[in-house]
Amino acid sequence: EVQLVESGGGLVQAGGSLRLSCAASGFTFDDYPIGWFRQAPGKEREGVSYISSRDGSTAYADFVKGRFTISSDIAKNTVYLQMNSLKPEDTDVYYCAAGIGGTEPNMYDYWGQGTQVTVSS
């Protein structure tokens, strides 16, 4: 069974940092790019970042460039999202997903349950 489990969310003051983790199991980890998405109530799910463990390539949405960093640890089957300089507008549920890659949710087949990030002003 394919499973993706996010962790590391929480409550943080504006300007602070969090590191999210996505632990994967049930598939060959480095065969699938891993993406991070976020979704606020009543809004569409939007792409944040993704990484291809095969070649190490990464990409970021404009609204997180310079603040967030994605990385992977193949030995641990885990992808991380280091979030620095957090803003109140970063408040969302964050999801990781495995699939083809890119910024569109429909390019991903497997999803975690999400972890809540709340940034206070």
Task: Non-hydrogen atoms of Q113 and L4 that approach each other most closely - done: OE1-O, 3.6 Å

TODO: Indicate, with yes or no, if Y110 and Y95 share a hydrophobic cluster defined by side-chain heavy-atom contacts under 4.5 Å among Ile, Leu, Val, Met, Phe, Trp and Tyr.
DONE: no

Task: Trace of the side-chain hydrogen bond (donor to acceptor under 3.5 Å, both in side chains) decision for D73 with T78 - done: CA-CA 5 Å; D73 186 334; T78 300; over 6 Å; no

TODO: Decide whether I51 and V2 are clustered together by the hydrophobic rule: side chain heavy atoms of Ile, Leu, Val, Met, Phe, Trp, Tyr closer than 4.5 Å, transitively.
DONE: yes

Task: S17 and M83: CA distance, side-chain angles, deciding distance, side-chain contact (heavy atoms from CB on, under 4.5 Å) verdict - done: CA-CA 5 Å; S17 298; M83 306 187 296; over 6 Å; no

Task: Flag side-chain contact, heavy atom, 4.5 Å: L81 against V48 - done: yes

Task: Side-chain donor or acceptor of Q116 paired with backbone N/O of G9 under 3.5 Å - done: no

Open item on the list: If I take atom CD1 from residue I70 and atom CD1 from residue I34, how far apart are they, to the nearest 0.5 angstrom?
Closed with: 8.5 Å

- [ ] Answer yes if the side chains of Q13 and S120 hold a donor-acceptor pair under 3.5 Å, and no otherwise.
- [x] yes

Open item on the list: Count I, L, V, M, F, W, Y as connected when their side-chain heavy atoms are under 4.5 Å apart, and connections chain through other members. Are Y32 and Y80 then in the same cluster?
Closed with: no

Open item on the list: Tell me the closest heavy-atom pair linking G99 and P33, and the distance in Å.
Closed with: O-CD, 2.9 Å

- [ ] Could I get the full list of side chain to side chain contact (heavy atoms under 4.5 Å, CB included) partners for D90, not counting sequence neighbours?
- [x] R38, R67, F68, L86, K87, Y94, V119

Task: Donor-acceptor under 3.5 Å (E6 side chain, G114 main chain) - done: yes

Open item on the list: For residues 36-65, which residue pairs pass the ring-ring contact (aromatic ring centres under 6.0 Å, His included) check, not counting sequence neighbours?
Closed with: F37-Y108, F37-W111

Open item on the list: Do L11 and L20 land in one hydrophobic cluster if side-chain heavy atoms of ILVMFWY residues count as linked below 4.5 Å?
Closed with: no

Task: Donor-acceptor under 3.5 Å (N77 side chain, A23 main chain) - done: no

